[in-house]
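Everything on this sheet refers to the single structure shown next.
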Amino acid sequence: MKKVMLVFGTRPEAIKMCPLVNELKTRKNIETIVCVTGQHRQMLDQVLTTFNVIPDYDLSIMKQGQTLFDITTGILGGIKDVLEKVKPDVCLVHGDTSTTFVTALACFYLQIPIGHVEAGLRTYDIYSPYPEEFNRQAVGIISKFNFAPTELAKQHLLDEGKNPDSIYVTGNTVIDAMRYTVVENYSHPELDWVGDDRMIFVTAHRRENLGQPMHNMFRAIRRVLEEHPDVKAIYPIHMNPVVRKAAEEELGGCDRIHIIEPIEVFDCHNFEARCHLCLTDSGGIQEECPSYGKPVLVMRDTTERPEGVDAGTLKLVGTDEETIYEWFTKLLDDKSEYEKMAHAANPYGDGYACERIADILERNL
Ligand code: UD1
Ligand code: UDP
């Protein structure tokens, strides 16, 4: 019996790792152990409940307004004992958060092999996204198994000199999650509020966008909403107090945007599938919306998901107020521009990434 331990801590990691936890639990040669860092609390717990995953260990490190130092020292201080107690044959981490990087570092110190899920995404600018680009590159140096979602991600790892035998193209596990979430008969009071108007789905949270860039985004969104009487926006807001303050300052009192608490992933995917278009700086949403054929204006200067840009459904618009205003207006007013982006594309996998990862681990451990 081989021990596979999965460590994650934020909402998106949980959405992408819980389907893998549940797949690994069906394998009789594998003992699956889950440790959450609790880098997020409510937003993490919401996902654990949805996927019925009960962690074996919970480091509970979250603090309001935490800094990168708080997260790093909190995890390093707590995870050593768990790793030494469990002694996993492999520890799986996901993507690019501080939970991911710090767990990988702790495993390296204890010489525990790492499996990196969602390996090989790159912008090659360590300040954008910040600190995620550094985190994923750093994990790439020490990981034994690299589960790349796409051929492009694999190519990045090859270009960096990784052993080709350590790289497996599996697809992204978020597409696995989406096989169960989007349903035909779906209703929600917020969708009733939108009625026959066009629904815009908004999210924003990136650390490098906190401050002026986020104010720019919100101002542009407000201006466009106020100029289009048949458009309404739903914005499930991140719990970061800095994001909440900026949203209140720029969007408060605008009756055409509903700012609501974080929604369950089931609701989120169904909202995405029904929106007219999406404005976001999220990574995961850039992977999800293309498969519903929903145009996404990516409010960032770089993206590590160029596959969606190449497929035509993502447009990188940066964080300048006028540019976001112009593109948002164009997609609402110019049908042909909208149609150019509004087609289904799924460059991120076929929904069977978890099975592949579990097979690879069974064969190689
Ligand atoms: C983190 C990740 C980012 C990922 C994002 C997903 C890092 C450095 N950043 O950023 O890569 O895209 O998660 O959402 O790893 N908060 C709560 N409750 C929660 C979650 C957050 O109150 O359930 C508040 C807390 O005040 C917390 C703050 O949000 O201090 C920021 O959380 P943090 O994990 O530091 O950063 P994120 O922006 O969420
Ligand atoms: N999501 C969710 N509820 C919300 C907002 C987002 O379940 O209120 C989901 C979304 O479908 C995607 C993931 O959270 O799977 C993206 O998380 P986030 O944007 O926080 O992080 P990122 O992907 O940028 O790291």
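Please read all numbers here as calculations on a predicted model, not as lab measurements. Counting begins at 1 with the first residue of the sequence.
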By ring pair (Phe, Tyr, Trp, His ring centres under 6.0 Å) - contacts of [X] (at least two apart):
X	value
Phe134	Phe101
Tyr352	none
Tyr325	none

So [Y] and [X], do their side chains get closer than 4.5 Å, heavy atoms only?
X	Y	value
Ile200	Lys232	no
Lys80	Leu76	no
Thr73	Val102	no

Identify whether the distance between the nearest side-chain nitrogen and carboxylate oxygen of [X] and [Y] falls below 4.0 Å.
X	Y	answer
Lys2	Glu362	no
Arg206	Glu208	yes
Asp96	Arg136	yes
Glu339	Lys335	yes
Lys294	Glu288	no
Asp70	Lys63	yes
Arg223	Glu322	yes

Would you confirm whether the ring centroid of Tyr235 sits within less than 6.0 angstrom of the ring centroid of Phe201? no
Parallel, tilted or perpendicular, as decided by the 30° and 60° cut-offs, for the rings of His156 and Tyr124: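 Tyr124 vs His156 ring planes: perpendicular.
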Measure up the Tyr292 and His269 rings against each other and bin them: parallel (under 30°), tilted (30 to 60°), perpendicular (over 60°). tilted
Are there over 12 heavy-atom neighbours, none belonging to Phe51, within less than 6.0 Å of that residue's CZ?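 Count over threshold, so yes.
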